> 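Here you go, one structure.
Just so it is clear: chains get the letters A, B, ... in the order the sequence lines come, proteins before strands, and each one is counted from 1. As the structure is a prediction and not an experimental result, all values here were calculated from the model.
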Number of protein chains: 2
Amino acid sequence: MTTTTEASTTSAEGVGDELREQVRDAARRAKRAAAELAQATRATKDAVLNAMADALVRRTPEILAANELDVAEGRAAGMPDSLVDRLSLDPNRIAAMASGLRTVAGLPDPVGEVVRGNVLPNGLQLQQVRVPLGVVGIVYEGRPNVTVDAAGLTLKAGNAVLLRGSSSAENSNTALVSVLADVVREHGLPDDSVQLLPCRDRASVQHLITARGLVDVVIPRGGAGLISAVVEQATVPAIETGVGNCHVYVDASADVDTALRLLLNSKARRPSVCNAAEGLLVHEDIADEFVPRALAELGAAGVTVHGDERIVAYGGSNVVAATEEDWDTEYLALDIAAAVVDSLGDAVEHIRAHGSGHTEAIVTSDVRAARQFTAQVDAAAVMVNASTAFTDGGEFGMGAEIGISTQKLHARGPMGLPELTSTKWLAFGDGHVRPGS
Amino acid sequence: MTTTTEASTTSAEGVGDELREQVRDAARRAKRAAAELAQATRATKDAVLNAMADALVRRTPEILAANELDVAEGRAAGMPDSLVDRLSLDPNRIAAMASGLRTVAGLPDPVGEVVRGNVLPNGLQLQQVRVPLGVVGIVYEGRPNVTVDAAGLTLKAGNAVLLRGSSSAENSNTALVSVLADVVREHGLPDDSVQLLPCRDRASVQHLITARGLVDVVIPRGGAGLISAVVEQATVPAIETGVGNCHVYVDASADVDTALRLLLNSKARRPSVCNAAEGLLVHEDIADEFVPRALAELGAAGVTVHGDERIVAYGGSNVVAATEEDWDTEYLALDIAAAVVDSLGDAVEHIRAHGSGHTEAIVTSDVRAARQFTAQVDAAAVMVNASTAFTDGGEFGMGAEIGISTQKLHARGPMGLPELTSTKWLAFGDGHVRPGS
């Protein structure tokens, strides 16, 4: 059985236990599948990914029919248009998912890569090689394309995947996973490699993230609430992704035209994504020259500026006074918090206090300022004279990403295929024993 | 203030809050110290480590005086001799700690290493560089030498450390940390870089491992109970270390003399350490030749064999019937569980069901068997014709280790200096903006 999506809408004792067993059973089957997947050659995995792409296109009608059920249910429940749009599939969006799988098929296989190796003084040959993580759990919201992206990436890295999508996309995800698992089976791999977990009851998330010994890692993808709930409650290792309170700092030495271009691109290119800038910090020595133009250009782009006293003093119809909360807010909208700072050190302090460790940018023409900012700012990505929008697996040349890690363990920044693997040490001897006691 | 070890032996509401605030305050100060430490050059850090070594030797009398208080308290409380021995310091043991610090000073600095880098098609220069993790929490038992080892390794990797040792070693640890922090301060680094947390109340562990946003990673070192409690209750990312249910598998093609030598070395060299073998699996085709000699040699070494039916059938005064529990037991003593298996595949299955993912060894002369075993066994280290005892940071050429990770995220196997770091991406542009929306 590949899709285990029977509704379980009550959390009464008996049903809760049943759901727990259902999730754990799926995880056990995933673990067995993972042992086989770990041995699959790149040729097999790529053939599966390309065949999945073909099957998605071929079976578009049944996917769209399932999706229409979700969309109708969403509209009936009063789902806002923006969320209905995120949920809706059409032939172009399905073709884009298929294209994503083909891209992943074209990427190098991380499994088997020798990361380090040497011969020890005693002649023991030592190698550290990449191996799959095993069973990867993904907890996500909204968009059905995550189902396909996540399945493709985890499979290419040799892992089995347990997908726990949103109940609002249940029909779409069930149809998509059915297509993917059929292809896996047709290629002689276990169809338990790709499984959809029950999504009607919140408790299935809890059962997934506490299945220690069965699940090797869980990755939440979605809003800040989902991510912190998963990370705080998980007993399985979890990777924190995505929250981006990113800043653009305009140094005293910045070229003003460059700074304006980077600021607008960082803020307004796609305000809803995690690498969009949510904060602007301006060195006082350049404020008189930069701030009025920045406020005007942000206003023209529809951006509301939540400024400190020194920003508000420059005036403008799109400028409001910032509250303390503004410094910590990830707007994901046409809003930005802005402050004038006395020094680069103060900018670093502000970022240390309020940044989320995602992406921070400096605009400067001073090499010492660039060195200080890159050394002192503690974030997954630090940009010098480049837009915050570049923090992205595709832009970084990874081909695809499963999320952007904002934690420091295991992976930091865009997570591509190597970040979906672990390593193991292999030692080859001739009967080597260790002396001493 | 460097040592925050005021006793807090009650967990009444008011006191609990006070302890929580005390731990969080230490963590906040550690975070500020970490920001400075991250900028420290290798020259400074090595000078600190060497000066720490000198100071430990110079201040041996006060360390021994403090240790005597712990030892006296332990004896008065009826502590077993073996634990008193672990707790006791003498000039030689202090000299060994000092020597460990000098070794770490001689190791390359992981901070700043460029891990990957390239120029993107748009001309953006991208580098992934190693940076410190930030604030590292260590929760450990018994031995005071862990205080010095952990402080030296974390500091060399540019991290601040929060040490939460055993209450039985409180006086010793306080004296050691006082020596270390004095040296840090004398070298112009913040003395909050090395802090000892209160250790009289179990709740201080809880406060440490839930200080999200203040502590970057927590590493438990000790018994299985401590490790699983920390890993399951931590909301801070944790690294699971040390539990080793390691096996030696003797393949049908094994050279019997080699197999005997490896088995004895893996089991009896130092039975109390995590890389010692706790299980023996023998292919049935070689059992008649191998098992009687193995049982005899194990018996001569004082090892009790907990055998399955086929092992027990060979007899011997040191052979008892295994229970189901034996297969999952980390004896850390002169005991071993043993079974005859029908095939290499069955050995892999047994290891998959009962191994702890630490170290697994095969003895074989068949290259296909070696390939199958290394590919299918999922563990931090897999040995071919080598003793399980080689899984060790020192043996692997890392110079020193902070523990052996048995989890798959971030680090797997012996953790040296690079495993105590994270990375960040640096991008250098000329006003690069990202096209599209």
> Which bit of Leu264(B) is near chain A, if near means a heavy-atom gap under 4.5 Å: side chain, backbone, both or neither?
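Neither part.
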> Going from NZ on Lys408(A) to OG1 on Thr421(B), what distance comes out if it is rounded to the nearest 0.5 angstrom?
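Interatomic distance, Lys408(A) NZ to Thr421(B) OG1, rounded to 0.5 Å: 11.0 Å.
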> Kindly compute the distance separating CD (Glu240(A)) from CZ (Arg212(B)), expressed to the nearest 0.5 Å.
4.5 Å
> Taking every heavy-atom pair that is under 4.5 Å apart, which of Val129(A), Thr235(A), Asn265(A) has the most such pairs with chain B?
Asn265(A)
> Hey, what do you get for CZ (Arg270(B)) to CZ (Arg434(A)), rounding to the nearest 0.5 Å?
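Arg270(B) atom CZ to Arg434(A) atom CZ measures 7.5 Å (nearest 0.5 Å).
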> What do the steps show when you test Phe390(A) against Leu120(B) for side chain to side chain contact (heavy atoms under 4.5 Å, CB included), and what is the final call?
CA-CA 11 Å; Phe390(A) 283 112; Leu120(B) 301 183; 5.6 Å; no
> Between Trp425(A) and Thr391(B), does a side chain to side chain contact (heavy atoms under 4.5 Å, CB included) hold up when you go through it step by step?
CA-CA 9 Å; Trp425(A) 290 97; Thr391(B) 303; over 6 Å; no
> Identify which part of Thr258(A) has an atom lying under 4.5 Å from any heavy atom of chain B, answering side chain, backbone, both or neither.
side chain
> So for Val382(B), is it side chain, backbone, both, or neither that comes closer than 4.5 Å to the heavy atoms of chain A?
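It is both, since atoms from each part get that close.
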> Any idea which of Leu262(B), Asp255(B), Asn118(B), Thr388(B) has the most non-hydrogen atom pairs under 4.5 angstrom with chain A?
Leu262(B)
> Rounded to the nearest 0.5 Å, how far does CD of Gln127(B) lie from OG1 of Thr374(A)?
9.0 Å
> Strictly distance-based, threshold 3.5 Å: is any side-chain N or O of Arg412(B) a donor or acceptor partner for the main-chain N or O of Ser422(A)?
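Answer holds: no.
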> Tell me if the CZ atom of Arg371(A) is crowded by more than 12 foreign heavy atoms within 6.0 Å.
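No - once you tally the heavy atoms of other residues, nucleotides and ligands closer than 6.0 Å, there are 12 at most.
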> Between Ala234(A), Ser266(A), Ala375(A), which residue shows the highest count of heavy-atom pairs closer than 4.5 Å to chain B?
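The candidate making the most pairs under 4.5 Å is Ala375(A).
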> Check each atom of Ala379(A) against the heavy atoms of chain B and say whether the ones under 4.5 Å are side chain, backbone, both or neither.
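For Ala379(A), backbone heavy atoms alone lie under 4.5 Å from chain B.
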> Check whether Leu126(B) gets within reach of chain A through its side chain, its backbone, both or neither, counting any heavy atom under 4.5 Å.
side chain
> Under a 4.5 Å heavy-atom cut-off, does chain A meet the side chain of Gln125(B), its backbone, both or neither?
neither
> Which atoms of Ala380(B) come close to chain A, meaning under 4.5 Å heavy atom to heavy atom: side chain ones, backbone ones, both, or neither?
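Only the backbone of Ala380(B) comes within 4.5 Å of chain A.
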> Tell me, side chain or backbone of Ala268(B) under 4.5 Å from chain A's heavy atoms, or both, or neither?
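No part of it gets close to chain A.
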> Side chain from CB out, backbone as N, CA, C, O: work out which of these in Arg32(B) comes under 4.5 Å of a heavy atom of chain A, or both, or neither.
neither
> Counting only non-hydrogen atoms closer than 4.5 Å, does Asp392(B) touch chain A with its backbone (N, CA, C, O), its side chain (CB onward), both, or neither?
side chain
> Step by step, would you call Val433(A) with Arg269(B) a side chain to side chain contact (heavy atoms under 4.5 Å, CB included)?
CA-CA 10 Å; Val433(A) 295; Arg269(B) 179 185 161 275; over 6 Å; no
> Contact part of Glu232(A) toward chain B, heavy-atom cut-off under 4.5 Å: side chain, backbone, both or neither?
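Glu232(A) touches chain B through backbone and side-chain heavy atoms alike.
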> Relative to chain A, which segment of Asn122(B) carries a heavy atom at a distance below 4.5 Å: side chain, backbone, both, or neither?
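Side chain only.
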> Please flag which part of Leu409(B) lies under 4.5 Å from any non-hydrogen atom of chain A: side chain, backbone, both or neither.
both
> Between OG1 of Thr423(A) and NE2 of His410(B), what distance do you get to the nearest 0.5 Å?
10.5 Å
> With respect to chain B, which residue among Gly431(A), Ser387(A), Ala386(A) yields the maximal number of heavy-atom pairs within a distance under 4.5 Å?
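Ranked by contacts with chain B, first place is Gly431(A).
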> Is a side-chain donor or acceptor of Lys424(A) paired with a backbone partner of Val377(B) at a separation under 3.5 angstrom?
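Answer holds: yes.
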> Drop me the distance from Leu124(B)'s CG to Glu395(A)'s CD, to the nearest 0.5 angstrom.
8.5 Å
> So with a 6.0 Å cut-off around CG of Asp430(A), is the heavy-atom count from everything else above 12?
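Counting other residues, nucleotides and ligands, CG of Asp430(A) stays at 12 neighbours or fewer.
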> Please classify the contact of Gln233(A) with chain B as side chain, backbone, both or neither, using a heavy-atom distance under 4.5 Å.
neither
